[in-house]
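Fair warning: this is a prediction, and the values are worked out from it, not measured in the lab. Below, read A as the first sequence line, B as the second, and so on, with proteins coming before strands; counting in each chain starts at 1.
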Amino acid sequence: MAETELPTPYTPATVEPKWQQRWADRGTNNAPLDGAARPFYALMMFPYPSAEGLHVGNLFAFTGSDISARFHRLLGHQVFQPLGYDAFGIHSENYALKVGAHPMELTPRNVANFQRQLERAGLMVDWRQKVDTSRPEYYKWTQWVFLQLHKQGLAYRKAAAVNWCPTDKTVLANEQVENGLCERCGTAVEQRFLEQWFFRISAFADRLLDHLEWLDWSPVTKQAQRNWIGKSQGAELSFGVVGSTECVRVFTTRADTIYGATYLVLAPEHPLVPTVTTDEQRDAVTAYQDATKKQDLIARKSTREKTGVFTGAHAHNPATGVQIPIWIADYVLMEYGTGAIMAVPGHDQRDFEFARLFGLPFVRVVAGPGENADSSLHDHAYTDDADGRLVNSGPFDGLDVATANAQVTAWLAGNGHGTAVTNYRLHDWCISRQRYWGPPIPIIYCDACGTVPVPESQLPVELPFIPDFKPDDSGISPLARHEEWYRVACPSCGAMARRETDVSDTFLDSAWYFLRYPSAQHTDVAFSPARTARWLPVDSYIGGNEHAVLHLLYSRFITMVLKDAGHIDFEEPFTRFRAHGMIIRDGAKMSKSKGNVINPDVYMEEWGTDAFRMYLMFLGPYEEGGDFRDQGISGVRRFLDRLWSSVRDATAEGAPDAEVMRKLHRTIRKVGEDTANLAYNTAIASMMEYMNTVRRGERTAHRHEVLPLVQLAAPFAPHLAEECWEALGHAGSVFDAGWPAFDPAMLIDDTVDLVVQVNGKVRGKVRVAVDVTQEAALTLAMADTSISKFVVADIRKVVFVPKRLLNIVV
RNA sequence: ACCCGGAUGGCGAAACCGGUAGACGCGAGGGACUUAAAAUCCCUUAACUGAAAGGUUGUGCGGGUUCGAGUCCCGCUCCGGGUACCA
């Protein structure tokens with residue numbers, strides 16, 4: 001066997017470029033897209049190509065994903081791991097504004113810089129299938145996706161609030177509003193109403209929720225989605241307005257507390273407000289409505305102080321018949337439920353605060369253990385009342401809360417005052433952006449034909465180059481200033497018509513990109529049916545949990561829509577999703593303002609890409625993240641140096657050491673299990689432990705002792721592993737060599753150390769056969785005076801856990 | 001406020017189903033090699049106590065369950081993240 005001489009010492013500066021070049025030349029990282037027998041689609045969240053370049057956080061995420069992909073390849077799958085750029089969006093646009101450049105020129109530069117950095121990172125990426133969401137050949141299909149929703153009636157237009165900065169005279173994205181202030185000038189943001197496009201994701205709420213039961217996703221991510229969808233079962237109840245035929249409908253989850261409803265509250269913009277308001281109160285009500293309208297959504301949510309005003313009107317409580325006042329207040333949101341509530345100040349903290357502020361009456365209708373109908377409410381509402389019973393509630397007195405809830409709802413339903421309903425927190429997805437840097441929404445408005453979708457044959461609707469892409473005081477999209485662009489012939493009647501000038505949300509670009517990758521080079525179709533059938537859904541998706549709700553939920557939604565339209569035959573895009581942790585520095589998130597940002601280039605230069613990759617994975621559990629400290633890298637680099645020199649010096653003479661080989665088989669099992677579970681830190685630790693065994697002193701390793709270790713280390717340190725693999729006489733890539741198998745027989749011990757406790761305290765240990773009996777173990781333990789000296793009385797009890805411990809209780 | 005995480009040596013961390021707490025790594029101390037340094041290799045390294053053998057204490061705090069608790073239960077404190085008046 002011809003073995004190449006390895007240089008001394010290990011020099012990543014020559015080894016790493018050599019293998020990156022060879023991978024590119026040989027197409028090592030390219031997946032057999034059309035012929036894979038065991039396809040495995042490994043996906044990582046694609047980056048936004050910032051001008052600052054690759055961040056350690058990106059590298060941490062990508063490396064963890066790459067290790068998983070390489071591991072699956074070693075397990076015998078044909079792995080497809082693509083990567084691309086989420087290049088459209090407000091981030092890129094704002095940055096361009098800041099530096100006075102044009103996004104259409106700046107973005108390709110940033111992408112090129114990112115690409116250069118990523119190619120150094122040694123990822124097993126099939127770069128043939130790269131996507132860039134800001135390229136017409138990509139967003140042509142983003143627009144196509146929009147049309148599929150439109151066709152199914154899932155895209156609609158309605159007036160909705162946007163954030164408006166009165167100083168900059170521009171629409172702000174939610175990301176540009178901080179604590180209710182414009183992030184650029186600090187002015188309080190107001191709300192304005194504009195016609196916007198929405199996707200009817202709310203119609204999919206139950207499906208999105210139910211599938212979480214069986215999806216193999218990180219529990220934290222599933223919980224975040226459940227909370228976001230916010231399903232809540234309750235009832236809609238009617239309160240007749242006094243002296244009117246109108247009814248106020250409220251949503252409540254606590255119909256059982258209706259006897260305690262002492263007033264109603266409508267959202268300020270509730271349509272019944274003008275109708276019910278009395279003449280005496282009209283000025284006060286109008287003033288209040290104006291004041292709340294001026295406040296933006298976020299500022300309104302960040303203050304908890306209650307405000308409100310009486311309308312002058314009253315309604316009948318359907319249970320008690322009592323006339324109760326109708327108020328308006330901004331703590332009631334028009335967007336949720338019916339935009340109106342029945343206030344139960346005794347049993348809802350918000351109502352409690354409001355009632356106390358305005359001197360409204362309280363009635364206790366639930367009494368906890370040890371309380372009665374007259375127990376006072378002290379300084380807060382009684383809300384933790386799951387084991388409470390009803391009081392002051394007529395025929396329902398004495399019932400427990402859950403039973404009463406059902407019975408009151410049924411009773412009110414029976415007399416026409418209510419119905420059981422389910423509400424969701426999830427709102428429809430507003431995809432309109434009054435901005436420039438995104439795909440134009442493919443719609444044309446014609447005076448004669450109305451809203452006409454752009455025919456698929458006319459896609460893409462190209463985003464034009466306009467020098468004045470900056471939002472201005474018109475409050476509309478920059479494209480609306482370009483008549484030469486928006487004036488078009490109506491596709492249906494040919495008359496002059498007008499294009500939609502809003503662009504779509506960046507989240508739409510990323511809600512379907514995983515479908516595009518396998519077909520990235522297809523120009524005639526968004527995703528090829530054959531490729532899609534072979535590769536999707538995604539087998540493993542790894543990304544940050546900051547996308548737990550928006551991106552991941554939108555992707556699921558779009559997938560369901562495409563399934564319903566018959567374009568694909570699965571309705572969940574990501575079979576398995578794992579959220580990785582965040583990498584912090586000195587206990588805080590890395591940010592430029594804190595000055596604790598790590599430039600990965602510097603570290604890759606100094607220590608080598610492999611060492612840096614491995615260090616990032618070693619500093620903590622991948623799913624939790626960790627604290628970056630540069631001192632730690634040297635330990636990982638030392639391990640790689642030791643691996644290198646062990647391989648270099650390995651001998652083929654004689655037989656490998658039996659004890660070392662036993663340790664090897666344990667290590668193979670442990671590294672395999674840990675890597676599968678993304679427990680990279682402990683996988684690396686066990687490889688180090690094995691290395692310590694192999695190299696104890698300056699012992700020369702046998703090639704059979706180190707060869708499998710090269711395979712185990714390959715996902716973590718791919719360049720070095722290839723170099724070692726070649727040095728051990730192999731022509732092909734280590735990634736085609738398979739994952740070493742462990743021999744279960746090598747894992748079985750004949751003797752174990754049995755821990756001996758006396759009264760639960762460890763007093764020693766005895767070496768015993770694995771199948772030793774309790775009696776024999778006890779005899780052995782008692783023979784040891786350092787143990788038996790603690791057995792100062794009669795043995796009352798002996799606890800024996802085979803292979804683990806013996807506890808003598810006296 | 002609510003929903004998730006988390007808290008373990010000087011530091012990053014490990015510990016399976018309740019069974020030797022601190023694997024692995026960093027740092028520190030000592031030693032070998034060297035003219036010397038670097039590199040490499042070896043040993044020590046939770047705290048207290050003791051000459052040593054050994055002993056006692058110890059996983060954020062207070063209780064509990066158990067032969068046995070970092071791990072389970074009850075009640076808190078602090079830190080990180082998410083959501084934020086969702087009726």
Treat a base pair as Watson-Crick or G-U wobble with both distances under 3.5 Å, then lay out RNA chain B in dot-bracket form, 5' to 3', with | for cross-strand pairs.
-> (((((((..(((......[....)))((((((.......))))))((((....))))..(((((..]....))))))))))))....
Could you tell me which residues satisfy side chain to side chain donor-acceptor pair (under 3.5 Å) with A:R578, sequence neighbours excluded, listed by chain and number?
->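 So A:R578 forms a side chain to side chain donor-acceptor pair (under 3.5 Å) with A:D216.
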Return the polar atom pairs (N/O with N/O) between nucleotides 48-51 of chain B and the protein under 3.5 Å, or none.
none

Output every pair passing salt bridge (Lys or Arg N to Asp or Glu O under 4.0 Å) with a member in residues 671-687 of chain A, not counting sequence neighbours, ordered by first then second residue.
->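 Qualifying pairs: A:K670-A:D674.
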Selection residues 219-234 of chain A - residue pairs positive for salt bridge (Lys or Arg N to Asp or Glu O under 4.0 Å), sequence neighbours left out |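 Sorted pair list: A:D206-A:K231.
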Who are the side-chain contact (heavy atoms from CB on, under 4.5 Å) partners of A:M582, not counting sequence neighbours?
->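 Partners of A:M582 under the side-chain contact (heavy atoms from CB on, under 4.5 Å) test: A:I584, A:K589.
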Within the 4.0 Å limit for protein heavy atoms, which parts of [range] are touched? Write it as a string from 5' to 3', B for base, S for sugar-phosphate only, - for none.
range                        : result
nucleotides 18-27 of chain B : -BBS-BBSSS
nucleotides 54-60 of chain B : -SSS---
nucleotides 70-79 of chain B : ----------

Inter- and intrachain pairs under ring-ring contact (aromatic ring centres under 6.0 Å, His included), touching residues 672-699 of chain A, at least two apart |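 Passing the test, one end in residues 672-699 of chain A: A:Y622-A:Y680, A:Y680-A:F716.
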Non-neighbouring partners of A:R249 that pass salt bridge (Lys or Arg N to Asp or Glu O under 4.0 Å), sequence neighbours left out |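 Only A:E236 meet the salt bridge (Lys or Arg N to Asp or Glu O under 4.0 Å) criterion with A:R249.
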Within residues 610-617 of chain A, residues whose heavy atoms come under 4.0 Å of RNA chain B |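 Output list: empty, so none.
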